[in-house]
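Down below is the structure, laid out as structure tokens.
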Amino acid sequence: MKPLIVCKDVWKVYRIGDVDVQALQGVNLTIEQGEFVAIMGSSGSGKSTLMNILGCLDTPSRGHYWLNGVDVGSLHSDQLAEIRNQQIGFVFQSFNLIPRTSALENAQLPLFYRGLPLREQRALASAALQRVGLRGREEHSPTQLSGGQQQRVAIARALVAAPSLLLADEPTGNLDTQSSREIMDILSELNQDGMTVILVTHESDVAAFASREIVIKDGQIQSDRMTKQGVHTAEV
């Protein structure tokens, strides 16, 4: 089976005034399908830049990034948008839910952009919400839900279109300890069901749920090691 992700000598350089800022410097990385990877690093290390490239929100300045065998850097914006909709699910620290719509409507949003029939959209979104433990909350708006429940809606939205890759950027950053643990348990269960999960975090207790830990420093991979598979006893 071919790797899901391959980065070869990936650089990202931003021009700020008269200065070139090297956010990534020659990153080489391979991630197999079904892995659970935590990317760690301090602020400014380059971990968010790497996540943006892996999520097709940005492209390398030079080097190559292949997702499912496709060289992403060679694609135009419409093709990148299609890949994001078809193959990648996103979970963010700030949830990014639409305030005045229901949990169900938030979860079905990726399917709306695919143009699926409304009945099919609602059925798939309802199933995704049930999968993350929100049965009976379908018609609640985000303001009627706790932070942990809002993040569950965001996870349901991310997985409703059955992506091959789930990217989670500081998914527990706005949550209390109990809610953080529940969210990490959900991500672990999704990974055990075969979904590839890549998690950006600065918290070692959160990273402990992953089976592989990559540390980024000054735009380069400082370490890349396998950890215990699914440390469910970790405290977050």
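Note that these values count all heavy atoms, side chains included, but never hydrogens, waters or copies made by symmetry. Numbers here are sequence positions counted from 1.
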Checklist entry - What residues form a ring pair (Phe, Tyr, Trp, His ring centres under 6.0 Å) with Phe95, not counting sequence neighbours? => result none
Checklist outcome for this item: For Arg137, the salt bridge (charged side-chain N to carboxylate O under 4.0 Å, His left out) test, sequence neighbours excluded, returns none
Checklist entry - Side chains of Met40 and Glu213: does their closest heavy-atom pair fall under 4.5 Å? => result yes
Next on the checklist: Within the 3.5 Å criterion, strictly below it, is a donor on Thr49 or Asn52 matched to an acceptor on the partner's side chain?
Outcome noted: no
Next on the checklist: Restricting to salt bridge (charged side-chain N to carboxylate O under 4.0 Å, His left out), what partner residues turn up for Glu170, sequence neighbours left out?
Outcome noted: none
Next on the checklist: Check this for me: does any side-chain nitrogen of one of Glu203 and Arg181 sit under 4.0 Å from a carboxylate oxygen of the other?
Outcome noted: no
Item to check | Pairing of Arg152 and Glu182 as salt bridge, 4.0 angstrom limit | outcome: yes
Next on the checklist: Looking at Arg135, I want to see if its CZ is surrounded by more than 12 non-hydrogen atoms of other residues, nucleotides or ligands under 6.0 Å.
Outcome noted: no
Checklist outcome for this item: The complete set of side-chain hydrogen bond (donor to acceptor under 3.5 Å, both in side chains) pairs with one or both residues in residues 35-44, sequence neighbours excluded, reads Glu35-Arg212
Next on the checklist: My understanding is that only residues two or more places apart in sequence, or in another chain, count here; which of them pass side chain to side chain donor-acceptor pair (under 3.5 Å) with Gln108?
Outcome noted: Gln121
Checklist outcome for this item: Tracing side-chain contacts under 4.5 Å among Ile, Leu, Val, Met, Phe, Trp and Tyr outward from Leu109 reaches Ile98, Phe112, Tyr113
Checklist entry - Hey, is the main chain of Cys56 close enough, under 3.5 Å, to the side chain of Arg84 for a donor-acceptor pair? => result yes
